[in-house]
Amino acid sequence: MDQFADDLNHLLEKLKLPPVILLGFSDGTNIAMKFVFKYPEKVKALILNGGNLNTKGVKGTTQFFIELGYKVAKKFAHMLIKKDHTREIAGSIPDAKLVFVSGNHFIANKRSQAFNREVEKFCLEKL
């Protein structure tokens, strides 16, 4: 994850972008969190979907299946990340706004209109 965060930093520097609104899904959320911890000045806001700070944030039943493979874990997408862990993440981010969109880990794909509506509202608040 650290290498991905460093790669993202390199890309933003190469593109000479101002602080960005960064959206991460699943492992992308984990990368976004690593990135903001290392390079906070480069992030205007975060949108995090289905991430975890560590394996303690993943439900045990899901972690077992993740280790067996993505195809099996996908069948249990509705129970990947604990809500309390998500609340812990939001609680540790200053001025965080936490929104739960009804669905499972793949909400951005399965209920894209609802997900995108919340993302758009958030981005408009930050601009």
Side-chain angles (χ1 to χ4, degrees):
M1 296 293 165
D2 285 321
Q3 183 61 56
F4 289 125
D6 293 338
D7 290 346
L8 177 56
N9 179 56
H10 181 74
L11 175 66
L12 295 179
E13 286 181 352
K14 184 91 171 159
L15 296 174
K16 298 179 181 165
L17 293 176
V20 297
I21 296 175
L22 192 58
L23 185 151
F25 165 68
S26 199
D27 281 344
T29 291
N30 303 342
I31 295 165
M33 288 188 288
K34 287 276 189 185
F35 182 81
V36 77
F37 291 142
K38 288 181 88 169
Y39 308 102
E41 71 284 355
K42 297 193 176 180
V43 178
K44 184 174 186 171
L46 287 173
I47 301 169
L48 305 175
N49 177 18
N52 55 285
L53 294 170
N54 52 52
T55 57
K56 292 178 185 173
V58 178
K59 293 183 179 179
T61 52
T62 302
Q63 187 63 32
F64 172 76
F65 289 117
I66 288 172
E67 291 171 11
L68 289 178
Y70 177 80
K71 288 184 181 182
V72 175
K74 189 174 179 182
K75 294 181 187 289
F76 295 90
H78 64 283
M79 55 185 208
L80 282 174
I81 305 297
K82 300 173 186 173
K83 281 191 175 181
D84 285 344
H85 189 71
T86 300
R87 287 184 186 98
E88 179 184 345
I89 293 169
S92 67
I93 300 171
D95 301 318
K97 176 182 177 183
L98 177 60
V99 175
F100 288 104
V101 178
S102 179
N104 64 29
H105 188 70
F106 302 100
I107 190 71
N109 179 274
K110 300 292 185 184
R111 295 201 51 227
S112 59
Q113 289 182 343
F115 179 80
N116 290 338
R117 189 170 34 253
E118 293 299 328
V119 168
E120 182 178 21
K121 281 196 294 190
F122 179 81
C123 288
L124 290 173
E125 290 171 6
K126 296 298 175 184
L127 293 178

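Computed from a predicted structure; not experimentally measured.
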Asks: Can you name the residues that form a ring pair (Phe, Tyr, Trp, His ring centres under 6.0 Å) with F4, not counting sequence neighbours?
Replies: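 With sequence neighbours excluded, F4 shows a ring pair (Phe, Tyr, Trp, His ring centres under 6.0 Å) to no residue whatsoever.
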Asks: If two hydrophobic side chains count as joined below 4.5 Å and joins carry through other members, does L8 share a cluster with I93?
Replies: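 Both belong to a single hydrophobic cluster.
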Asks: Does K83 count as lying over the ring of F100, i.e. NZ or CZ under 6.0 Å from the six-ring centre, within 45 degrees of the axis?
Replies: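 Here K83 passes the 6.0 Å and 45° test against F100.
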Asks: Side chain to side chain contact (heavy atoms under 4.5 Å, CB included) for L23 and V119? Distances and angles first, verdict last.
Replies: CA-CA 9 Å; L23 185 151; V119 168; 3.9 Å; yes
Asks: If two hydrophobic side chains count as joined below 4.5 Å and joins carry through other members, does V101 share a cluster with L98?
Replies: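 In one cluster with V101: L98, no.
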Asks: Would you check if the side chain of K44 reaches a backbone N or O of K126 as a donor-acceptor pair within less than 3.5 Å?
Replies: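 Yes; judged by distance alone, with no hydrogens or angles, the pair exists.
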Asks: Using the salt bridge (Lys or Arg N to Asp or Glu O under 4.0 Å) rule, take R117 and E120 through it: C-alpha gap first, then chi angles, then the decisive distance, then the call.
Replies: CA-CA 5 Å; R117 189 170 34 253; E120 182 178 21; over 6 Å; no
Asks: Report yes if the side chains of L12 and V20 come closer than 4.5 Å at any heavy-atom pair, otherwise no.
Replies: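 Yes; the side chains approach each other to less than 4.5 Å.
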Asks: In Å, rounded to the nearest 0.5 Å, how long is the span from CD of E125 to CD1 of I21?
Replies: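 Answer rounded to 0.5 Å: 10.0 Å.
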Asks: Testing the basics here: between L48 and A32, what is the closest heavy-atom pair and its distance to 0.1 Å?
Replies: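 For L48 and A32, the tightest heavy-atom pair comes out as CD2-CB, 4.0 Å.
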Asks: Are K38 and D6 side-chain neighbours, meaning at least one heavy-atom pair lies under 4.5 Å?
Replies: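 Counting from C-beta outward, K38 and D6 do come under 4.5 Å.
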Asks: Do the side chains of L46 and L17 join up, straight or via other hydrophobic residues, at under 4.5 Å, putting them in one cluster?
Replies: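 They do share one cluster, since a chain of ILVMFWY contacts under 4.5 Å joins L46 to L17.
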Asks: Dump the intermediate steps for salt bridge (Lys or Arg N to Asp or Glu O under 4.0 Å) on E13 and K42, then the final yes or no.
Replies: CA-CA 9 Å; E13 286 181 352; K42 297 193 176 180; 2.8 Å; yes
Asks: Same cluster for Y39 and F37 if Ile/Leu/Val/Met/Phe/Trp/Tyr side chains link at under 4.5 Å?
Replies: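 They do share one cluster, since a chain of ILVMFWY contacts under 4.5 Å joins Y39 to F37.
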Asks: On a heavy-atom basis, which atom in A5 and which in F35 lie closest, and how many Å separate them?
Replies: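 Closest heavy-atom pair between A5 and F35: O-CD1, 3.3 Å.
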Asks: How long is the gap from CD1 on I107 to CG on N116, to the nearest 0.5 Å?
Replies: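 Those atoms lie 10.5 Å apart.
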Asks: With a 4.5 Å heavy-atom cut-off, do C123 and I47 have their side chains touching?
Replies: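 Yes. Closest side-chain heavy atoms under 4.5 Å.
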Asks: I need the minimum non-hydrogen distance between A96 and A90, along with the two atoms involved.
Replies: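 Closest pair (atom of A96, atom of A90, distance): CB-O, 3.2 Å.
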Asks: Calculate, to the nearest 0.5 Å, the distance between atoms NZ and CD belonging to K97 and E118 respectively.
Replies: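 So the gap between those two atoms works out to 6.0 Å.
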